[in-house]
Protein chains: 2
Amino acid sequence: MTDSRTYHHGDLRRALLAAALEAIDEVGPAALSLRDLARRAGVSHAAPAHHFGDKAGLLTALAAQGFDLLAQALTAADGDPLEAGVAYVDFAVTRRAYFEVMFRPEFYRADDAELIAARGRAGAVLRAGVAALPTGSAPVDPGRDALAAWSIAHGFATLWLAGVLPDRVGDNPRDAARTVLRRLAP
Amino acid sequence: MTDSRTYHHGDLRRALLAAALEAIDEVGPAALSLRDLARRAGVSHAAPAHHFGDKAGLLTALAAQGFDLLAQALTAADGDPLEAGVAYVDFAVTRRAYFEVMFRPEFYRADDAELIAARGRAGAVLRAGVAALPTGSAPVDPGRDALAAWSIAHGFATLWLAGVLPDRVGDNPRDAARTVLRRLAP
DNA sequence: TCCTAATCTTGCCATTGACAAGATGTCACT
DNA sequence: AGTGACATCTTGTCAATGGCAAGATTAGGA
């Protein structure tokens, strides 16, 4: 399948997405080079264009795939809001390349149908995950608590990835996230 | 000062930083082009290199300046944790270009001395801003509540900028932020 | 005044994204 | 099996970019 001797790669689309994940882990999504992906996959520099059109097309596909994987990860938490939050942070850290693309609409086509569908699926799981959250002292807005939960998980994940958290937070994102998230979901 | 007829620009460093803010607002920090900045400032394409070395150098200066401006904005909230959070979100939205660079260390030199100093100053104001936060039901870790507060403000700001929040949140970031942040600081 | 250093310009090269045109393989249909 | 249409991939090209080197111009102090 991945035989480089054949004229047709056979599985180039998947190979390019896999190479993109590697490259993004190494240099970030901004410095991603389509020609580098082509080299990693052992094809010519213009091959990626056929499958994704341009760089934005490739990142759109990656983002859509990422939203589905996030939905899958959140589903595993199955009803426990705290664990859903921990899973959210864990996804951001362990599948960093996906996460970094998903929330940078300037890198992809935000109007892509598949992407919007995948994001919708992830959003549904997300809302379901925080539905069991204990509301604040007085129940104000049911959406507010969901938004607050999403914000704190997303914020912690983003700050962790940015590397700006103080050292005493430790090096285990799951444990650190659980501690912080318990402030909302005791 | 900004006379384009003279050989020496006179205030090129400042002009380039201002042009960078405009450009980032238009195309984002990733697509920033030094040559475009040079054109906006009316100088040759190699002029920016003399002041900033390379693109990372320019963004480092921008990030450092941004951290000082953030510290300034947070100081204005003066002791009120809720308003500090609102100011944080407001800074992210109204000075988007700064904010988007500040938390993307892959774009600049994270080991720059001036940057580290500015980030330290902003961090001190941040910690002071949330010091008056009411702790959770049982006081666990004094740092935990500060981290939770930072996370929720940063997360909401990031999600707002990413444009992924549902429509019903409205179009006023300050009001929306205040509502969400009240979940932590009632 | 003069001269040293800072500032800016011109010229250059490798890399990249995107496009066009052609080569190669695959597959449905007969 | 044969064939033609189509998908897949390659080669070639162009403009734009970042970065470097060498030179021109100017400011400001000795």
Side-chain angles (χ1 to χ4, degrees), chain A residues 1-20 22-24 26-63 101 104-109 112 114, chain B residues 1-24 26-63 101 104-109 112:
Chain A
M1 280 300 178
T2 328
D3 194 339
S4 62
R5 285 167 300 180
T6 63
Y7 191 93
H8 279 15
H9 184 286
D11 201 17
L12 183 55
R13 183 186 165 94
R14 197 179 309 269
L16 287 172
L17 287 174
E22 281 185 18
I24 293 174
E26 294 170 11
V27 298
L32 187 69
S33 155
L34 287 181
R35 287 169 114 99
D36 178 51
L37 300 187
R39 282 189 291 267
R40 288 175 193 248
V43 295
S44 82
H45 64 85
H50 189 269
H51 290 277
F52 300 104
D54 54 5
K55 195 195 282 193
L58 187 143
L59 292 179
T60 303
L62 206 68
V101 173
R104 274 185 189 69
E106 74 268 23
F107 283 167
Y108 55 80
R109 271 181 262 285
D112 181 80
E114 280 195 41
Chain B
M1 280 298 178
T2 328
D3 194 340
S4 64
R5 285 167 298 181
T6 63
Y7 190 92
H8 279 15
H9 184 285
D11 200 17
L12 184 55
R13 184 187 165 93
R14 197 180 309 269
L16 287 172
L17 288 174
L21 290 177
E22 281 185 19
I24 293 173
E26 294 170 13
V27 300
L32 188 68
S33 155
L34 286 182
R35 288 170 114 97
D36 178 52
L37 300 187
R39 281 189 292 267
R40 289 175 193 249
V43 294
S44 82
H45 64 86
H50 188 269
H51 290 276
F52 301 103
D54 54 5
K55 195 195 282 193
L58 187 142
L59 292 179
T60 302
L62 206 67
V101 172
R104 277 189 187 71
E106 74 267 23
F107 284 165
Y108 57 80
R109 270 183 262 287
D112 180 81

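All chains are named by letter (A, B, ...) in the order of the sequence lines, taking the proteins before the strands, and each is independently numbered beginning at 1.
Rounded to whole angstrom, the span from the NZ atom of K55(A) across to the P atom of dA18(C) amounts to 7 Å. Note: CG (L37(B)) to C1' (dC8(C)) measures 16 Å, nearest angstrom. At whole-Å resolution of the value, CZ in R39(B) and P in dA15(D) are 15 Å apart. Distance, L58(A) CG to dA18(C) P: 11 Å, rounded to whole Å. At whole-Å resolution of the value, CG in D36(A) and P in dG17(C) are 9 Å apart. Note: CZ (F52(A)) to C1' (dC19(C)) measures 19 Å, nearest angstrom. Per the geometry, CG belonging to L12(A) stands 16 Å off C1' belonging to dT26(C), to the nearest Å. We find that CG of D54(A) is positioned 18 Å from P of dA16(D), with the value rounded to whole Å.
Side chain of H50(A), nearest nucleotide from dT8(D), dT13(D), dT9(C): dT8(D). Comparing dG18(D), dG19(D), dC9(D) by their closest approach to the side chain of H45(B) singles out dG19(D). The nucleotide whose nearest atom lies closest to any side-chain atom of R35(A) is, among dT10(D), dG19(D), dA18(C), dA18(C). Residue L34(B) has its side chain nearest to dG19(D) when only dA21(D), dT16(C), dG19(D) are considered.
Phosphate contact (OP1/OP2 of dT16(C), side-chain N/O of S33(A), threshold under 4.0 Å): present.
Using a 4.0 Å heavy-atom criterion, one finds that L32(B) contacts the sugar-phosphate atoms exclusively. Among the atoms of the strands shown, none is found under 4.0 Å from any heavy atom of R13(B). Residue-level contact check: A47(B) touches the bases, meaning some heavy atom is under 4.0 Å from a base atom. Residue contacts for H51(B): at a heavy-atom cut-off of 4.0 Å it reaches the sugar-phosphate backbone alone, with no base atom in range.
With rounding to the nearest 0.5 Å, the separation of CZ in R40(B) from OG in S33(B) is 9.0 Å. Atom-to-atom distance recorded for S44(B):OG and R35(B):CZ is 9.0 Å, nearest 0.5 angstrom. The OH atom of Y108(B) lies 8.5 Å from the CD atom of E106(B); values are rounded to the nearest 0.5 Å. Within the model, atoms CG of L59(A) and CG of D112(A) stand 12.0 Å from one another, a figure rounded to the nearest 0.5 Å.
Side-chain contact between V27(A) and D36(A) is absent, with no heavy atoms from C-beta onward closer than 4.5 Å.
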